[in-house]
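A short write-up of the structure that comes next.
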Amino acid sequence: MNTPVYPVRWQNNRVLLIDQNRLPNEYTHVEISRVEDMARAITTMIVRGAPAIGVAAAYGMYLGARDLRTTDRAEFLSQLTGIGKTLRATRPTAVNLFWAVDRMEQTAANCAGTVAEITEQLLVAAQKINAEDIETCQAIGAHGLAVLPSSPEQLCLLTHCNAGALATAGYGTALGVVRSAWAEGRLARLYADETRPRLQGARLTSWECVQEGIPVTVIADSMAAHCMKQGLIDAVVVGADRIAANGDVANKIGTYSLALVAKAHQIPFFVAAPLSTIDFSLRDGSLIPIEERHPSELYQIGETIVCPPGIEFYNPAFDVTPAHLIQAIITEFGAFPPAEIANLQHR
Ligand code: MRU
């Protein structure tokens, strides 16, 4: 067993983030002591992946709170709302960010003590969100194992993007299911879509697999249908950034086409995500805000410009997979058909 991967860690009064933009070539940490730096780290994807963004934002709330200079409770709470606003503006799609900021604001509002006591409670709350996410992912891994196809004995799974330890507080959602399958001897191989344009599959998922000795094959996104037709894939497992009440799922761009080709080949398609990724306030996936990122992610590879000047780009970072293409949504409370996900609201 290798050293566990913790993308967001509280240590010596500041947050340590694994710099995910530098992986796999460099494994380095960035120290974050101020909320503005945390906001920038989320926007620039030093930290990324829905649950990890939530954990980072929770610590960001504390970092901002501890720098406030007022001792007046009402003023403190009002300025905390401003800090929340800064963090909420970083990335629009992953609902875990908003969930974590809401929870931190609620913690502050519910604490009847002094400003110093509220601030202390905010750190406790952020650490709790951090610790809970690891347990949640382990539960997702166990529930996922129970719904994977029972044959063949050793499965070839396909995933998209990175929904691993790096995208959570540790362990991972989709990759948590893969890890659990590997630990139980049920995994033959993981196929990882490279995940254009930011290559989370090629850079991050494969890196995590190498750390754990999980056999991994990286394919270009366009190869998934071909691999399925060749009988190389037994099931698909992906993560989620936001799930609407009807079970529609927003995840990394390319997930929708993967679900369509899985359906065409009668290959089960699973989504693994914690309850904090479900947005019960949204009727369906058409209401999920989709982040659009800078066109340079498309026209530039490393230092090289790969497109001619004078053309237009469209770079949505996520798409929405309709519920009917999904066999089950695997949560910490079990695996459910998408149509039943709304029943989890009061857990
Ligand atoms: O743009 P990213 O890298 O933050 O997108 C990440 C994904 O789409 C993941 O699949 C999703 O957040 C689930 S992570 C457990």
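Numbering starts at 1 and runs along the sequence shown. Worth saying up front: this structure is predicted, and the values here are computed from it rather than measured. We count ligands from 1, going down the list as the structure has it; atoms in each ligand are counted the same way.
Among protein heavy atoms, the minimum distance from atom 11 (C) of ligand 1 is reached at Asp241 OD1, 3.2 Å. With hydrogens left out, the protein atom closest to atom 10 (O) of ligand 1 is Asn251 OD1, 2.7 Å, a heavy atom. Among protein heavy atoms, atom 3 (O) of ligand 1 sits closest to Arg48 NE, 2.7 Å.
Partner of Leu258 under the side-chain contact (heavy atoms from CB on, under 4.5 Å) criterion, out of Asp221, Asp319, Asp193: Asp193 alone. Of the listed residues (His160, Met228, Gln327), just one forms a side-chain contact (heavy atoms from CB on, under 4.5 Å) with Val236, and that residue is Met228.
Judged as a side chain to side chain donor-acceptor pair (under 3.5 Å), and not counting sequence neighbours, the contacts of Ser296 are His294.
Between Trp10 and Tyr62, the ring planes lie perpendicular to each other; the angle is over 60°, past the 30° to 60° tilted range.
Using a 4.0 Å cut-off to heavy atoms of Lys252, the atoms of ligand 1 that qualify are 1 (O), 2 (P), 5 (O), 8 (O). Counting atoms of ligand 1 from 1 in the listed order, those under 4.0 Å from a heavy atom of Thr173 are 15 (C). The Ala50 neighbourhood of ligand 1 comprises atoms 12 (O), 14 (S), with distances under 4.0 Å to a heavy atom of that residue. Heavy-atom contacts of Thr168 reach the following atoms of ligand 1: 15 (C) (cutoff under 4.0 Å). Contact atoms of ligand 1 toward Ala167: 14 (S), 15 (C) (distance under 4.0 Å to a heavy atom of the residue). Less than 4.0 angstrom separates some heavy atom of Ala163 from each of these atoms of ligand 1: 14 (S), 15 (C). Listed by number with element, the atoms of ligand 1 under 4.0 angstrom from any heavy atom of Met45 are 1 (O), 2 (P), 3 (O).
Among residue pairs with one or both ends in residues 187-229, those qualifying as ring pair (Phe, Tyr, Trp, His ring centres under 6.0 Å) are Tyr27-Trp207; sequence neighbours excluded.
Hydrophobic clustering, with ILVMFWY side chains joined whenever heavy atoms are under 4.5 angstrom apart, keeps Val271 apart from Leu325. The hydrophobic clustering, which links ILVMFWY residues whose side-chain heavy atoms are closer than 4.5 Å, places Phe98 and Leu344 apart.
In Arg198, neither the side chain nor the backbone holds a heavy atom less than 4.0 Å from any atom of ligand 1. Contact annotation: for Gln200 versus ligand 1, heavy atoms closer than 4.0 Å belong to the side chain alone. Within the 4.0 Å heavy-atom criterion, neither part of Ala94 lies near ligand 1. Of all the heavy atoms of His160, none lies under 4.0 Å from any atom of ligand 1, so neither backbone nor side chain is involved.
Heavy-atom separations between Thr255 and ligand 1 are all 4.0 Å or longer. Within the 4.0 Å heavy-atom cutoff, Arg91 counts among the residues contacting ligand 1. Close to ligand 1: Ala240, with a non-hydrogen atom less than 4.0 angstrom away.
Looking at Ser281 and Asp279, their side chains do bring a donor and an acceptor atom within 3.5 Å of each other.
Residue Pro51 has no N or O atom closer than 3.5 Å to an N or O atom of ligand 1.
Under a 4.0 Å N-O distance rule, the pair Arg40/Asp37 qualifies as a salt bridge. The pair Glu297-Arg196 does not count as a salt bridge, with every side-chain nitrogen at least 4.0 angstrom from each carboxylate oxygen.
Heavy atoms of other residues, nucleotides or ligands lying less than 6.0 angstrom from OH of Tyr256 number 12 at most.
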